[in-house]
Amino acid sequence: MGNFHRLSGYCAGGEAGRMTIQDKYNKLLEHISAYGRVAIAFSGGVDSTFLCRAAMEASCLRPIAISLISPFIPQREVEEAKDLAKKIGIEHVCIQAKLLSETVAANPKDRCYHCKTIVFTALLQTAADYGIDTILDGSNADDRYDYRPGMRALAELGIHSPLLEIGLDKNEIRELSKILHLPTWDKPSFACLASRIPYGDRIDTEKLKKIEEAEAFLRKIGFHQYRVRVHGDIARIEVAPDERLQFFNEERLDEISTALKRIGFLYVAFELSGYRSGSMNRTIDNEHDNIKY
């Protein structure tokens with residue numbers, strides 16, 4: 001089975017509590033094989049990279065990876081996806097889609113639903129050009145426990161999420177990725193740049209560009225997990241809790257403040273509790289907090 005080997009004593013939790021991590025991987029390969037030829041929605045992140053690697057091992061038919069070029073996605077992520085596709089050996093197609101429809105730009109609480117509908121409609125059309133009618137995405141078992149309106153779009157369009165269906169969570173995917181020598185095994189989590197803007201605040205390309213530049217700066221000076229959330233003229237920086245101490249010297253504070261103000265922010269603030277995935281969902285009314293799609 002390629003680079004995979006048995007992890008003695010490891011037992012995965014959840015519904016498949018008696019399954020080893022190898023059992024889950026074997027089941028994933030069988031699951032993917034049953035689809036025939038597939039296209040993978042490929043961002044270059046932990047989940048979609050692992051899924052591409054598994055699809056290459058699972059299928060005797062050549063899968064393809066499709067990546068989106070958009071202001072919602074930093075150019076660096078696109079370039080990394082290209083490099084990863086080469087390393088995995090999967091055929092890679094990059095497409096463009098106009099995501100800033102009036103509905104998406106208005107940034108409603110179900111923005112992700114409207115955005116995913118546009119993205120995966122474009123992916124389906126591209127896959128059809130290659131004679132493929134099955135699209136896989138990298139949603140995993142942890143995505144059941146967050147506010148994910150985009151999942152409804154996947155269901156409506158008939159997109160399959162084998163990692164979620166098998167019950168693989170993020171930690172298991174990282175562990176399997178490490179075993180398979182994928183360089184993304186410890187890559188920080190990433191979400192589209194629109195997720196940095198509070199629901200109801202209008203999205204435009206200028207805001208997205210400022211966020212991309214600000215986060216690129218944080219990466220350049222050594223931060224690993226970060227977000228720059230935008231509240232009007234304020235940039236609110238989040239970094240991983242264990243990286244917060246890197247902020248607390250005068251030179252570093254001045255350096256970051258100067259850089260982000262040069263990018264175009266009037267004020268620069270720091271989130272004391274550190275980075276938390278989906279923190280913008282705090283603005284959602286309580287009645288929406290447990291909605292799952």
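The figures that follow rest on heavy atoms only: side chains count, while hydrogens, waters and symmetry mates do not.
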>> Assess the residue pair Val38 and His160 against the criterion (side chain to side chain contact (heavy atoms under 4.5 Å, CB included)); give the C-alpha distance rounded to whole Å, side-chain angles, the decisive distance to 0.1 Å, and a yes or no.
In response: CA-CA 10 Å; Val38 298; His160 298 275; over 6 Å; no
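- Arg62 CZ: 12 or fewer foreign heavy atoms inside a 6.0 Å radius.
- At least one side-chain heavy atom of Leu168 sits under 4.5 Å from a side-chain heavy atom of Phe50.
- Side-chain heavy atoms closer than 4.5 Å link hydrophobic residues (I, L, V, M, F, W, Y) into clusters, and following such links, possibly through other members, connects Phe217 to Val228.
- For the pair Leu51 and Ile32, the tightest heavy-atom approach, listed with the atom from each and the gap, is CD1-CD1, 3.9 Å.
- The pair Glu206-Lys210 does not meet the salt-bridge criterion, since no charged nitrogen lies less than 4.0 angstrom from a carboxylate oxygen.
- Note on Leu260 and Leu193: same hydrophobic cluster, where clusters join Ile, Leu, Val, Met, Phe, Trp and Tyr whose side-chain heavy atoms are under 4.5 Å apart, directly or indirectly.
- Tested against Lys24 for a salt bridge (charged side-chain N to carboxylate O under 4.0 Å, His left out), the candidates Glu175, Glu165, Glu172 yield a single pass: Glu172.
- Both Ile69 and Leu100 sit in one connected hydrophobic cluster of ILVMFWY residues. Membership requires side-chain heavy atoms under 4.5 Å apart, directly or through other members.
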>> Show, in sequence, the C-alpha distance, side-chain angles and deciding distance for Glu215 and Arg196, and conclude whether the salt bridge (Lys or Arg N to Asp or Glu O under 4.0 Å) test is met.
In response: CA-CA 11 Å; Glu215 292 191 351; Arg196 298 2 175 215; 2.8 Å; yes
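- The side-chain heavy atoms of Ile66 and Tyr130, taken from C-beta on, include no pair separated by under 4.5 Å.
- Annotation: the span from Arg229 atom CZ to Asp201 atom CG amounts to 13.5 Å, rounded to 0.5 Å.
- For Phe247, the CZ atom sits in a packed shell: over 12 heavy atoms of surrounding residues, nucleotides or ligands are nearer than 6.0 Å.
- Here the CG atom belonging to Asp169 is positioned 11.0 Å from the CZ atom belonging to Arg174, to the nearest 0.5 angstrom.
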> Is there a side chain to side chain contact (heavy atoms under 4.5 Å, CB included) between Val239 and Ile237 once you walk through the steps?
Replying inline: CA-CA 7 Å; Val239 298; Ile237 299 170; 4.0 Å; yes
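- In this structure, a donor-acceptor pair under 3.5 Å is present between the side chains of Ser48 and Ser43.
- Residue Glu57 holds its CD atom at 12.0 Å from CD1 of Ile88, rounded to the nearest 0.5 Å.
- Looking only at atom types and distance, the side chain of Tyr226 has no donor-acceptor partner in the side chain of Glu243 under 3.5 Å away.
- Interatomic distance, Asn107 CG to Ile197 CD1, rounded to the nearest 0.5 Å: 6.5 Å.
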>> side chain to side chain contact (heavy atoms under 4.5 Å, CB included) for Leu208 and Phe72? Distances and angles first, verdict last.
In response: CA-CA 7 Å; Leu208 296 171; Phe72 284 52; 3.7 Å; yes
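- Put simply, CG on Leu163 and CG on Asp143 are 9.5 Å apart, with the number rounded to the nearest 0.5 Å.
- Residues Leu164 and Phe120 fall within the same hydrophobic cluster, defined by Ile, Leu, Val, Met, Phe, Trp and Tyr side chains chained together at heavy-atom separations under 4.5 Å.
- Cluster membership check: Leu253 does not share its hydrophobic cluster with Tyr267, using side-chain heavy-atom separations under 4.5 Å among Ile, Leu, Val, Met, Phe, Trp and Tyr.
- Taking all atoms of both residues into account, the shortest heavy-atom contact from Val46 to Thr184 is CG2-O, 3.3 Å.
- Contact check for Arg262 versus Thr258: side-chain heavy atoms found under the 4.5 Å cut-off.
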> Going through the checks in order, is the side chain to side chain contact (heavy atoms under 4.5 Å, CB included) test met by Val93 and Asp129?
Replying inline: CA-CA 11 Å; Val93 181; Asp129 292 339; over 6 Å; no
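- Between Phe270 and Phe248, the ring planes lie perpendicular to each other; the angle is over 60°, past the 30° to 60° tilted range.
- Residue Lys207 places its NZ atom among more than 12 non-hydrogen atoms of other residues, nucleotides or ligands, all under 6.0 Å distant.
- The pair Glu255-Arg252 meets the salt-bridge criterion, since a charged nitrogen lies less than 4.0 angstrom from a carboxylate oxygen.
- Using a 30° and 60° split on the angle between ring planes, Phe42 and His92 fall in the perpendicular class, above 60°.
- Each of Arg219, Lys187, Lys82 was compared with Glu77 under the salt bridge (charged side-chain N to carboxylate O under 4.0 Å, His left out) criterion, and only Lys187 meets it.
- Side chain to side chain, Asp254 and Ser257 fail the donor-acceptor criterion of an N or O pair below 3.5 Å.
- Rounded to the nearest 0.5 Å, atoms OG (Ser70) and CD (Gln75) are 10.5 Å apart.
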